[in-house]
Asks: 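Handing you a structure now.
Numbers here simply count residues along the sequence, with the first being 1.
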Amino acid sequence: MSQRFGFPALDRSLTVPLVLFGVLLVAAAVLSPRLFTATGMGGAIIVAAPLILTTLALTPIVMAGRGSVDLSVGPLMGFVNVTLIGWLSARGYTSPLAVICWVVAVGALYQLLQALIIIYVRVAPIIVTLSSFLVLSGLNLMVMSRPGGVAPDWMMTWGAGTTILSPVLIIVLAALALWAVMRRTTFYSHLRMTGADERMAYTSGVKVDTVRICAHLLGGVFVGLAALSYTALISSGDPTQGSSYTLQAVTALVLGGANLAGGRGGALGATLGALNMFLISYLLSAFSFGSVTGFVTQMAFGLILVASLLVNVFMTARRTAF
């Protein structure tokens, strides 16, 4: 019916994240209605933005197939953050143009390096990205041994979270707009074809290696934007906290209905998954777990990841059966 009037049909993979999002919103309204004030929503946008953008960075890479789950996105975001504060800002290069070009270029170039190793050296993606996770985690501590430094002056007010309309929200909307533009290109259809069936895509004339390289480059751009929003959130540099975003982003991606085997995923699903992760953390914070709060949150994320994978397997099996 929706296609008859010119609207795209809703992807079935979004059913679960949409229902979960509605349930979590109702729970938040009951347990902590402050979230629905202007200040509460403004703060939520600031906190959720890095995770939304990190999940979005994973999306094209995972869609390209071969089980290409990039485990390095968290430390890479941290690397862009600490180099921005420790190298760029510390040397006086603080103009908005210099900062934005730096975060986008570093994210894209690193992802390009990973793509070239995976494709032409023929190393399994899981090995390359796990190695990158370890290398970047150590490199971040070499660049900045402890949290510190100061963000550029023009970013200092970004993390206040007092209003809904903020520069961080604009960054998120710009990333979603970039995805919307990309989705209308031939590259997007080739990306889905490559992830769904690489051999068929190749025989159809798709340059699968080029598609995978472009997917990594696009992911790198989103990692750079994630690092920019993360820097705005903490107003400094932190060499350790970025790594925690890897597990959260992978969980959010699966929770958003993406297929880790490739071929399925999108910006809406990634955003819903990240928002669901934020709401779960927000609701858990309403309960008092004392000194083990962090462990309870990590345990919840792990259980959610397992449950999401099982749901995806079940739904895929049903689609195949029918």
Asks: I'd like to know whether Leu116 forms a side-chain contact (heavy atoms from CB on, under 4.5 Å) with Val121, so could you lay out the CA-CA distance, the side-chain angles of the two residues, the decisive distance to 0.1 Å, and finally the verdict.
Replies: CA-CA 7 Å; Leu116 294 177; Val121 185; over 6 Å; no

Asks: Between Ser204 (side chain) and Val206 (backbone), is there a donor-acceptor pair under 3.5 Å?
Replies: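 Not confirmed, Ser204 side chain does not pair with Val206 backbone.
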
Asks: In Å, rounded to the nearest 0.5 Å, how long is the span from CG of Leu165 to CE of Met41?
Replies: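 Rounded to the nearest 0.5 Å, the CG-CE separation comes out at 12.0 Å.
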
Asks: Distance from Asp70 atom CG to Leu76 atom CG, nearest 0.5 Å?
Replies: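 Going from the CG atom of Asp70 to the CG atom of Leu76 covers 7.5 Å.
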
Asks: Is Val104 reachable from Leu112 through a run of hydrophobic residues whose side-chain heavy atoms are each under 4.5 Å from the next?
Replies: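 No, because Leu112 and Val104 fall into different hydrophobic clusters, even though each may have its own neighbours under 4.5 Å.
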
Asks: Can a donor-acceptor pair be found, under 3.5 Å and without considering hydrogens, that links the side chain of Ser281 to the backbone of Met277?
Replies: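 Indeed, once roles are kept as given, a pair shorter than 3.5 Å links the two residues.
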
Asks: Shortest non-hydrogen contact from Ser32 to Tyr282?
Replies: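 Shortest heavy-atom contact: OG-OH, 2.6 Å.
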
Asks: Check whether Arg264 reaches the backbone of Gly257 with its side chain - one donor and one acceptor, N or O, closer than 3.5 Å.
Replies: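 Yes, the answer is positive, given that a donor and an acceptor are paired below the 3.5 Å cut-off.
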
Asks: Quick check on side-chain contact (heavy atoms from CB on, under 4.5 Å): which of Val172, Ile171, Ile46 does Ser166 satisfy it with?
Replies: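 The option that passes is Ile46.
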
Asks: Group every Ile, Leu, Val, Met, Phe, Trp and Tyr by side-chain heavy-atom contacts under 4.5 Å, then state whether Leu275 and Leu31 land in the same group.
Replies: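 As far as the 4.5 Å side-chain criterion goes, Leu31 and Leu275 are connected within one cluster.
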
Asks: Say whether, by atom type as modelled, one donor and one acceptor occur between the side chain of Asn140 and the main chain of Pro75 under 3.5 angstrom.
Replies: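 Here the side-chain-to-backbone pair exists.
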
Asks: Do Leu272 and Leu20 have side chains that get closer than 4.5 Å, going by heavy atoms?
Replies: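 SC-SC contact between Leu272 and Leu20 ruled out.
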
Asks: If I compare all heavy atoms of Thr59 with all of Gly266, which pair ends up nearest, and what's the gap?
Replies: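 Shortest heavy-atom separation between Thr59 and Gly266 comes out as CG2-N, 3.6 Å.
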
Asks: So, using side-chain hydrogen bond (donor to acceptor under 3.5 Å, both in side chains) as the criterion, who are the partners of Glu198 when residues are at least two apart?
Replies: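 Per chain and number, Glu198 pairs via side-chain hydrogen bond (donor to acceptor under 3.5 Å, both in side chains) with Arg66, Arg212.
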
Asks: Is any side-chain heavy atom of Leu268 closer than 4.5 Å to one of Leu14?
Replies: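 They are in side-chain contact.
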
Asks: Give a yes or no on whether Phe79 and Ile100 share a hydrophobic cluster (residues Ile, Leu, Val, Met, Phe, Trp, Tyr; joining criterion: side-chain heavy atoms under 4.5 Å apart).
Replies: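 Yes: a chain of side-chain contacts under 4.5 Å links Phe79 to Ile100.
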
Asks: Should Leu84 and Leu233 be counted in the same cluster of Ile, Leu, Val, Met, Phe, Trp and Tyr side chains packed under 4.5 Å apart?
Replies: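 Yes, it is one cluster - the side chains of Leu84 and Leu233 are joined through contacts under 4.5 Å.
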
Asks: To the nearest 0.5 Å, what is the distance between CE on Met193 and CG on Asp197?
Replies: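 Output value for this atom pair is 8.5 Å.
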
Asks: Any idea how Trp87 and Trp102 line up, ring-wise: parallel (<30°), tilted (30 to 60°), or perpendicular (>60°)?
Replies: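 Trp87 vs Trp102 ring planes: perpendicular.
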
Asks: Got Pro239 and Pro147 here, is their nearest side-chain heavy-atom distance under 4.5 Å?
Replies: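 Side chain of Pro239 against side chain of Pro147, heavy atoms only: contact under 4.5 Å found.
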
Asks: What distance do Tyr188 atom OH and Arg183 atom CZ have between them, rounded to the nearest 0.5 Å?
Replies: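 That separation rounds to 4.0 Å.
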
Asks: Count the heavy atoms belonging to other residues, nucleotides or ligands that lie under 6.0 Å from OH of Tyr93, then report whether that count exceeds 12.
Replies: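 No.
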
Asks: Quick one: name the residues clustered hydrophobically with Met156, using the 4.5 Å side-chain heavy-atom rule over I, L, V, M, F, W, Y, and just say none if it's on its own.
Replies: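 Direct or chained contacts put Met156 with Val150.
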
Asks: To the nearest 0.5 Å, tell me how far Ser229 OG sits from Ile45 CD1.
Replies: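 Rounded to the nearest 0.5 Å, the OG-CD1 separation comes to 12.0 Å.
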
Asks: With the side chain counted from C-beta on, respond yes when Ser137 and Leu141 share a heavy-atom pair under 4.5 Å apart, and no when they do not.
Replies: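 Contact flag for Ser137/Leu141 side chains = no.
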
Asks: Which pair of non-hydrogen atoms, one from Arg91 and one from Gly86, has the smallest distance, and what is that distance?
Replies: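 Answer, listing the atom of Arg91 first, then Gly86: NH1-O, 3.6 Å.
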
Asks: Is the side chain of Thr203 donor-acceptor paired with the backbone N or O of Arg199 at a distance under 3.5 Å, no angle test?
Replies: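 Yes; judged by distance alone, with no hydrogens or angles, the pair exists.
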
Asks: Run the side-chain hydrogen bond (donor to acceptor under 3.5 Å, both in side chains) test against Thr157 and tell me which residues pass, sequence neighbours left out.
Replies: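 None.
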
Asks: Looking only at heavy atoms, which two atoms of Leu51 and Ala274 are closest? And how far apart?
Replies: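 Looks like CD2-O, 3.8 Å.
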
Asks: Is atom OH of Tyr202 surrounded by more than 12 heavy atoms (other residues, nucleotides or ligands) closer than 6.0 Å?
Replies: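 Not buried by this count: 12 neighbours or fewer within 6.0 Å.
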
Asks: Can Met63 and Thr194 be said to form a side-chain contact (heavy atoms from CB on, under 4.5 Å), step by step?
Replies: CA-CA 8 Å; Met63 287 181 66; Thr194 301; over 6 Å; no

Asks: Taking it one step at a time, do Leu228 and Leu53 satisfy side-chain contact (heavy atoms from CB on, under 4.5 Å)?
Replies: CA-CA 10 Å; Leu228 188 63; Leu53 293 166; over 6 Å; no

Asks: Please determine whether side chain to side chain donor-acceptor pair (under 3.5 Å) holds for the pair Asp238 and Thr240, giving the CA-CA distance in whole Å, both sets of side-chain angles, and the decisive distance to 0.1 Å.
Replies: CA-CA 6 Å; Asp238 192 324; Thr240 59; 2.9 Å; yes

Asks: Keeping the roles fixed (side chain from Ser285, backbone from Leu283), state whether a donor-acceptor pair exists under 3.5 Å.
Replies: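 No, because the side chain of Ser285 does not come within donor-acceptor range (under 3.5 Å) of the backbone of Leu283.
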
Asks: Is the shortest side-chain heavy-atom distance between Val99 and Pro152 below 4.5 Å?
Replies: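 Counting from C-beta outward, Val99 and Pro152 do come under 4.5 Å.
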
Asks: On a heavy-atom basis, which atom in Thr129 and which in Gln114 lie closest, and how many Å separate them?
Replies: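 The answer is CA-OE1, 3.9 Å.
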
Asks: Determine the minimum heavy-atom distance between Gly237 and Ile234, stating which atoms define it.
Replies: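 Distance-wise, the nearest heavy atoms are C-CD1, 4.2 Å.
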
Asks: To the nearest 0.5 Å, tell me how far Thr54 OG1 sits from Leu225 CG.
Replies: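 So the OG1 of Thr54 and the CG of Leu225 are separated by 10.0 Å.
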
Asks: Hydrophobic clusters here meaning ILVMFWY residues chained together by side-chain heavy-atom distances under 4.5 Å, can you tell me if Leu71 and Leu136 are in one?
Replies: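 Leu71 and Leu136: one cluster.
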
Asks: Are Met77 and Val80 close enough that some pair of their side-chain heavy atoms sits under 4.5 Å apart?
Replies: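 Side chain of Met77 against side chain of Val80, heavy atoms only: no contact under 4.5 Å found.
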
Asks: Give the C-alpha distance, both sets of side-chain angles, the deciding distance and a yes or no for side-chain contact (heavy atoms from CB on, under 4.5 Å) between Phe222 and Val73.
Replies: CA-CA 10 Å; Phe222 290 136; Val73 288; over 6 Å; no

Asks: So do the side chains of Gln111 and Ile61 get within less than 4.5 Å of each other, counting heavy atoms only?
Replies: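 Side-chain contact under 4.5 Å: yes.
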
Asks: Would the distance check show the side chain of Thr246 and the main-chain N or O of Gly74 forming a donor-acceptor pair, the cut-off being under 3.5 Å?
Replies: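 Yes.
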
Asks: Going through the checks in order, is the side chain to side chain donor-acceptor pair (under 3.5 Å) test met by Tyr110 and Ser132?
Replies: CA-CA 10 Å; Tyr110 193 88; Ser132 291; 3.0 Å; yes

Asks: Between Leu25 and Leu279, is any pair of side-chain heavy atoms under 4.5 Å apart?
Replies: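 Yes. Closest side-chain heavy atoms under 4.5 Å.
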
Asks: Sub-3.5 Å donor-acceptor pair from the side chain of Asn81 to the main-chain atoms of Gly242, do we have one?
Replies: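 Not confirmed, Asn81 side chain does not pair with Gly242 backbone.
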
